[in-house]
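Okay, so here's the structure we're looking at.
Naming convention: chains lettered A, B, ... in sequence-line order (proteins, then strands); numbering from 1 in each chain.
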2 protein chains.
Amino acid sequence: MATTEGQELAAWARMLADSTRATVCLALIDGRAWTATELAQLAKVSRPTISEHLNVLVDGGLLTEVRQGRHRYVRLAGPETAELLEELAALAPRSTEVATSLAAASKRDAFARARTCYDHFAGKLGVALTDTMTERGLLDWSEGVAITSKGLRWLDELGIVVDSHRGRPAVRSCLDVTERRPHLAGAVGAALCRHALGHGWVTRIPGGRALRVSGAVAELGLPDGTVRELRSRV
Amino acid sequence: MATTEGQELAAWARMLADSTRATVCLALIDGRAWTATELAQLAKVSRPTISEHLNVLVDGGLLTEVRQGRHRYVRLAGPETAELLEELAALAPRSTEVATSLAAASKRDAFARARTCYDHFAGKLGVALTDTMTERGLLDWSEGVAITSKGLRWLDELGIVVDSHRGRPAVRSCLDVTERRPHLAGAVGAALCRHALGHGWVTRIPGGRALRVSGAVAELGLPDGTVRELRSRV
DNA sequence: GGGACGCTTCGGCTGGGGCCGAACTGTGGG
DNA sequence: CCCACAGTTCGGCCCCAGCCGAAGCGTCCC
């Protein structure tokens, strides 16, 4: 007998139904490739254990792996996967955190201010950049979202190369979890993020997806006030 | 120690990680309230078993229940839940169905043509209705989606009452799983669906979410050609 | 070649989750 | 008042998934 729709959904959900695997997947939303040992440390389990978990996730199509020498690198299978995980993580929170430490609060602040969502910008930074690009006529939202010829010229002037392989759409809208408004995703979103990271306009804050924003981020055309706000309080 | 984000996500996913529970949730996407016994029959498990599963889902916030006399009615907690399930079910399909029976094919056809997505229309019908409303200036997509004053007047003329309680947005865009284009959701989408069902313009095909479309659906302003297409092949 | 290192396989332990039948509770109807 | 019926609780069964330590495999580097 054919597998029913319910069985398929259950099989899929089962991949995330273990806290070790869920932790791994959430960590991978940063879009980078992690080694098995790194993930074992993160999830606080032994290497044999993480090895099995990664097998499950790769076999299930949630992750892809690249073997390089004696290393096993895994990453999320694609942007759609990351977006779905973001949504799930946002919808799951029945955590009624009452007393929060100062450290946790400032961490959450940094997360809300600027972070990566898989391979593009999110948080206040992501939304502000999207807004600015729209105001400057670089994006057109009349029918979904599209990049204008002016937008393409702008990318060119910045020296940003967009590789839109495998039919990935150039631009795509992605709902921001903290801002509840759309930010820019797609190949262009990824290219902008890669460019800014490569030039040190933003840098990753270790241990999470949060970003530290430097003044040079103004190169992306953001208003001075916005840049100042994004940089305040470290 | 506080529960980590990974544990929360895992706890949430665990609700769907059982094929019986997953089957139940998918059945409930039709937006109706089902009794425990009905669901037990559907999922082919005993009544004690379904009772426990429903406890899990209600406690987890995925379902809400109403007790009426000796009956226990459950339904999905809300439209967002339904939409998330739709997305998950659409992303999960690693089913490589090769040989499909004629019955299954015609069933899938009916499903793609017209169905409910929780409490609003989906499939070709949902997308066509959304397009028509947009062309006639009843919806405005310049910034997200909104209903125009002309749209409100149209609803009034049809005698459709929109109850937008608990701050549910009047209109909302929901990605159609089969058409891969947005269709109308939100309180207005629900009201249109309820109205059409109530007047017999569409009727449910038993055993699923698919709808049978009558010629009277033209009352919603759909072009003749579209109506004919939606009605063809039963 | 040999040792360090990243990862995997294997065996065995353990807990928890899903399932049912039987018995129980509570509601509704004649 | 008694029976039919919806749903629940209880006890017990079984299976599987997650975990680890020990041992094995393959790669890199000196």
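Toward the 5′ end of DNA chain D lies the nearest nucleotide of A:T20, the other residue of the pair A:Q68 and A:T20 mapping further downstream. Both B:S46 and A:T37 lie close to DNA chain C; mapped to their nearest nucleotides by heavy-atom distance, the more 5′-ward contact belongs to A:T37. Checking B:E38 against A:K44, the closest nucleotide of DNA chain D that is more toward the 5' end is the one next to B:E38.
Following rounding to the nearest Å, B:R21 (CZ) and C:dG18 (C1') show an atom-to-atom distance of 9 Å. With rounding to whole Å, A:M15 atom CE is found 12 Å from D:dG18 atom P. With rounding to whole Å, A:E52 atom CD is found 9 Å from D:dC19 atom P. Between A:L16 atom CG and D:dG18 atom C1' there is a gap of 16 Å when expressed in whole angstrom units. Atom P of nucleotide C:dC5 and atom CZ of A:R67 are separated by 21 Å, given to the nearest angstrom. Put simply, CG on B:N55 is 15 Å from C1' on C:dC19, counting in whole angstrom units. C:dA4 atom P lies 14 Å from atom CZ of A:R47, rounded to whole Å. Atom OH of A:Y73 and atom P of C:dG6 are 10 Å apart (whole Å).
Closest approach to the B:P48 side chain among D:dC19, D:dA6, D:dT9 is made by D:dT9 (side chain taken as heavy atoms from C-beta onward). The side chain of B:T35 lies closest to D:dG7 when the candidates are D:dG7, C:dA4, C:dC19. Comparing D:dC20, D:dG18, C:dG6 by their closest approach to the side chain of A:V45 singles out D:dC20.
Under a cut-off of 6.0 angstrom, the local environment of CZ in A:R14 is crowded, with over 12 non-hydrogen atoms contributed by other residues, nucleotides or ligands.
A close approach under 4.0 Å does not occur between any side-chain nitrogen or oxygen of B:H53 and OP1 or OP2 of C:dG17. OP1 or OP2 of D:dC20 sits under 4.0 Å from a side-chain N or O of A:T49. The side chain of A:H71 places no N or O atom within less than 4.0 Å of a non-bridging phosphate oxygen (OP1 or OP2) of D:dC28.
Side chain A:R70 to base C:dC5: a donor-acceptor pair is found below 3.5 Å. A donor and an acceptor atom never sit less than 3.5 Å apart when one is taken from the side chain of A:R72 and the other from the base of C:dC7.
Among the heavy atoms of the strands, none lies under 4.0 Å from B:R14.
A:T20 and A:T23 form no side-chain donor-acceptor contact under 3.5 Å, judged by distance and modelled atom types alone. For the 3.5 Å distance criterion, the side chains of B:T178 and B:R115 qualify, holding a donor opposite an acceptor.
Side chain of A:S214 to backbone of A:V202: no donor-acceptor contact under 3.5 angstrom is found.
The CG atom of A:L85 sits 9.0 Å away from the CG atom of A:L28 when rounded to the nearest 0.5 Å.
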